[in-house]
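To start, the structure itself, in structure tokens.
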Amino acid sequence: MTLFDSVQKTKRLFIPLQEGKVSLYVCGPTVYDDAHLGHAKSALVFDLLTKVLKADGYDVTYARNITDIDDKIILKAQEQKKSIQEITDFYTDAFHKEMQAIGVSRPDIEPKATESLDAIYQLIQSLIDSQHAYKTLEGDVYFDTSSDSAYLSLSKRVQDEDDKLQRVESSSNKKNSADFALWKSVKDGSVTFESPFGSGRPGWHVECSAMIEKHMACGNKKYALDIHGGGADLLFPHHENEAAQTRCATNHDLANYWMHNGFVNIDGQKMSKSLGNSFFLKDALKVYDGEVLRFYLLSTHYRSNFNFNEEDLLSSKKRLDKIYRLKKRLFGLSHEEKTTPFQDELLKALNDDLNISSSLALIDEMLSKANEILDTTGKHKELKRDTLSNLAYIEKLLGFGVKNPFEYFQFGVDEDTKTKIAELILQRDEAKKAKDFALSDKIRDEILACGVNIMDTPQGTFWEKV
RNA sequence: GGUGCCAUCGCCAAGUGGUAAGGCCGCAGCCUGCAAAGCUGCUAUCCCCAGUUCAAAUCUGGGUGGCACCUCCA
């Protein structure tokens with residue numbers, strides 16, 4: 001497999017630290033609010049990556065953290081007059097449910113900041129011991145960026161001298177403007193943890209480095225991890241700082257490969273609270289089937305910025321529909337696992353830095369070829385077997401086509417309407433039998449008015465929500 | 001201001017040196033009582049200019065136009 005390494009800025013052949021094994025760590029959500037489409041995109045991308053790595057035969061350990069210590073969480077708790085844990089439990093639970101709805105598997109490890117304080121203290125202490133961190137008079141602990149000659153090697157950023165001077169003047173307690181907090185002293189009596197450095201709260205960046213050391217780091221290798229991932233915005237400063245901490249506190253670097261997914265914009269605009277255009281997953285799920293969202297959000301290469309709009313979503317859905325129509329065509333037939341050339345090609349495409357566009361093109365070609373052969377007369381025993389096996393492979397590898405095809409096409413239609421449609425179809429069949437086409441067409445118009453399409457097939461009349 | 005990314009058919013989107021994948025939309029046809037679905041066929045020389053090369057959408061330089069990060073952020 002080749003992966004684009006966003007630090008070396010090139011595609012690299014993936015070679016794991018330990019043969020046959022892959023360790024992957026992705027920055028997860030801070031649980032103070034609902035997940036938006038950007039969280040979904042990131043989770044989907046790395047969900048796909050793990051599925052492809054597993055298909056390649058790797059034993060994958062995938063960790064995605066939950067940040068449950070944060071100023072924004074505290075603020076939310078105060079606003080809603082709830083405990084911190086009520087807030088974090090609520091949003092963690094919601095996150096899990098929404099991720100499940102878009103077919104994202106749970107990571108193998110899901111470390112929380114509150115459960116990793118021991119590792120955080122240990123990491124900070126070793127940074128202090130090795131002179132890479134210092135304590136201020138106020139009781140804060142900062143990482144000394146000037147002590148790390150490799151600082152900024154990740155993002156390749158250039159320190160702005162003017163900017164640096166200005167900031168140093170404005171915050172005299174830091175040695176360098178770029179220094180960041182490892183431990184924040186808190187004296188206002190709100191949420192604190194008792195650490196060897198006094199009571200306070202951990203900084204954000206230190207959390208990931210500590211959790212990786214605790215759960216993932218493998219022995220005496222050059223890197224703690226094979227792959228570290230996250231949103232494109234995290235490269236700096238978050239990942240830069242994580243890398244610095246790990247490099248200075250341990251005898252290894254953080255990750256061999258760095259992957260960053262592109263941003264999700266809404267109708268050409270960045271999602272942001274101030275613009276009021278945040279698109280929450282839970283709202284999207286009310287209108288669209290979770291799998292439609294999965295397909296749409298994954299349909300563009302993970303590194304590109306993604307512009308979410310309904311028109312594109314609908315045309316993307318039509319593509320997913322075709323998978324389900326073929327499933328419907330072959331519904332009820334049993335299948336056995338079988339490797340086909342199509343499956344090899346599909347995996348090969350995904351192994352090229354998750355080239356989803358090529359993968360979808362291969363799927364579309366497979367679908368129309370299968371449909372074409374099924375359209376001609378004959379038994380097609382072999383073709384059916386291969387096709388069913390191909391569809392099962394797509395389900396497993398990409399998570400497309402996992403539902404019952406009939407239910408898929410009925411998303412968002414209530415029971416009363418379903419009953420009504422069933423009755424109308426019965427009436428129309430009667431009219432058709434009697435060759436009363438004027439009446440049958442009239443009934444079809446009524447059915448159409450319910451917002452569904454109908455299709456006559458040798459197996460009977462089926463309907464789909466438009 | 002600093003750093004970086006991007007610009008391919010009406011729309012979405014691959015391809016990064018060897019002569020433009022795929023999908024949506026549209027048009028024509030097959031199928032159908034008529035439809036729908038499915039199938040077949042048709043539709044671009046790659047933002048502009050200059051250069052390198054036998055050969056460039058793909059490399060180099062210069063424009064123009066988008067965008068992102070530099071502060072919390074997936």
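As a basis for the values below, the full set of heavy atoms in this structure was taken, side chains included, without hydrogen atoms, waters or symmetry mates. A note on names: the letters A, B, ... follow the listed sequences, proteins ahead of strands, and every chain is numbered from 1.
- Note on A:V264: a base of the nucleic acid sits closer than 4.0 angstrom, heavy atoms only.
- Distances were taken from every side-chain heavy atom of A:H301 (C-beta onward) to each of B:A14, B:C73, B:G38; the shortest belongs to B:A14.
- Closest to the side chain of A:H39, from the set B:A74, B:A14, B:G22, is B:A74.
- Within the model, atoms CG of A:N65 and CD of A:E207 stand 5.5 Å from one another, a figure rounded to the nearest 0.5 Å.
- No N or O donor and acceptor, one from the side chain of A:N355 and one from the base of B:G15, sit under 3.5 Å apart.
- Between B:C73 and A:W204, a contact under 4.0 Å exists linking OP1 or OP2 to a side-chain N or O.
- Taking the P atom of each, B:U16 and B:C47 are spaced 16 Å apart, rounded to whole Å.
- When each of B:C70, B:C39, B:G22 is scored by its nearest atom to the side-chain atoms of A:R157, the top-ranked nucleotide is B:C70.
- Look at A:N371 and you'll find a side-chain N or O under 4.0 angstrom from OP1 or OP2 of B:C39.
- Residue A:K11 forms a side-chain hydrogen bond (donor to acceptor under 3.5 Å, both in side chains) with just one option from A:D353, A:T2, A:D352, and that option is A:D352.
- Checked against A:Y25 for a ring pair (Phe, Tyr, Trp, His ring centres under 6.0 Å), the options A:H239, A:H228, A:H215 give a single hit: A:H228.
- Taking atom NZ of residue A:K270 and atom P of nucleotide B:C67, one finds them 13 Å apart after rounding to whole Å.
- The interatomic distance linking A:D436 (CG) with B:C34 (C1') rounds to 13 Å, in whole Å.
- Taking atom C1' on both B:G4 and B:C42, the two are 42 Å apart, rounded to the nearest angstrom.
- Along RNA chain B, the nucleotide closest to A:I454 and the one closest to A:L314 are compared, and the more 5′ of them pairs with A:L314.
- Using a 4.0 Å heavy-atom distance criterion, A:S299 is classed as making no nucleic acid contact.
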Open item on the list: Go through it in stages, so that I can follow the logic: the residues are A:F406 and A:F462, the test is ring pair (Phe, Tyr, Trp, His ring centres under 6.0 Å), and I'd like the CA-CA distance, side-chain angles, deciding distance and then a yes or no.
Closed with: CA-CA 9 Å; A:F406 296 95; A:F462 298 118; 5.3 Å; yes

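- With B:C67, B:A14, B:G23 as the choices, the nucleotide that has an atom nearest any side-chain atom of A:R319 turns out to be B:G23.
- With hydrogens and angles disregarded, no donor-acceptor distance shorter than 3.5 Å links the side chain of A:S42 to the backbone of A:G38.
- As a whole-Å value, the separation of A:L154 CG from B:C69 C1' is 14 Å.
- The nucleotide whose nearest atom lies closest to any side-chain atom of A:E365 is, among B:G22, B:A14, B:A74, B:G22.
- Minimum atom distance to the side chain of A:D375 is reached by B:C39, of the listed B:G33, B:C39, B:A14.
- Residue contacts for A:K322: at a heavy-atom cut-off of 4.0 Å it reaches the sugar-phosphate backbone alone, with no base atom in range.
- Summarising the local packing, CD of A:E310 is surrounded by 12 or fewer heavy atoms from other residues, nucleotides or ligands at distances under 6.0 Å.
- Listed candidates were B:C73, B:G22, B:A14. Nearest to the side chain of A:D233 is B:C73.
- If you take CZ of A:F4 and C1' of B:C6, they are 13 Å apart, rounded to a whole angstrom.
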Protein-nucleic acid N or O pairs under 3.5 Å, nucleotides 40-43 of chain B:
residue	atom	partner	partner atom	Å
B:U40	OP1	A:E372	OE1	3.4

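- When Watson-Crick and G-U wobble pairs are counted only if both distances are under 3.5 Å, B:G29 pairs with B:C39.
- In this entry the distance linking CG of A:D441 with C1' of B:A35 reads 8 Å, nearest Å.
- Rounding to whole angstrom units, NE2 of residue A:H205 and P of B:A74 are separated by 12 Å.
- Using a cutoff of 4.0 Å between basic side-chain nitrogens and carboxylate oxygens, A:D429 and A:K433 are not scored as salt-bridged.
- Among the heavy atoms of the strands, none lies under 4.0 Å from A:K328.
- The side chain of A:T67 places no N or O atom within less than 4.0 Å of a non-bridging phosphate oxygen (OP1 or OP2) of B:C72.
- Look at the P atom in both B:A56 and B:A37: the space between them is 43 Å, to the nearest Å.
- Nucleic acid contact for A:R64: none, since no nucleic acid atom lies under 4.0 Å from a heavy atom of the residue.
- Rounded to whole angstrom, the span from the CZ atom of A:R329 across to the C1' atom of B:A36 amounts to 13 Å.
- Closest approach to the A:C27 side chain among B:A74, B:G38, B:G33 is made by B:A74 (side chain taken as heavy atoms from C-beta onward).
- Across B:G17 and B:G10, the matching C1' atoms stand 30 Å from one another, rounded to whole Å.
- Atoms CG (A:D321) and C1' (B:A36) sit 13 Å apart, rounded to a whole Å.
- Residues A:G231 and A:K318 each lie close to RNA chain B; by heavy-atom proximity, the contact nearer the 5' end of the strand is made by A:K318.
- Relative to the six-membered ring of A:F4, A:R303 meets both conditions, a distance below 6.0 Å and an angle of at most 45° to the axis.
- When the C1' atom is compared between B:G18 and B:C31, the two are found 42 Å apart, to the nearest whole Å.
- If you check B:C34, B:G38, B:G23 against the side chain of A:R444, the one that comes closest is B:C34.
- Counting any heavy atom pair closer than 4.0 Å across all strands shown, A:S42 reaches sugar-phosphate atoms only and no base atom.
- The cationic atom of A:K328 (NZ for Lys, CZ for Arg) lies less than 6.0 Å from the six-membered ring centre of A:F409 and within 45° of the ring axis.
- Nearest to the side-chain atoms of A:T30 among the listed nucleotides B:G33, B:G22, B:A74 stands B:A74.
- Residue A:F263 and nucleotide B:A74 are classified as a stacked aromatic pair, their ring centres being separated by less than 5.5 Å at an interplanar angle below 30°.
- The residues A:D445 and A:K442 are annotated as not salt-bridged, no charged nitrogen and carboxylate oxygen being separated by less than 4.0 angstrom.
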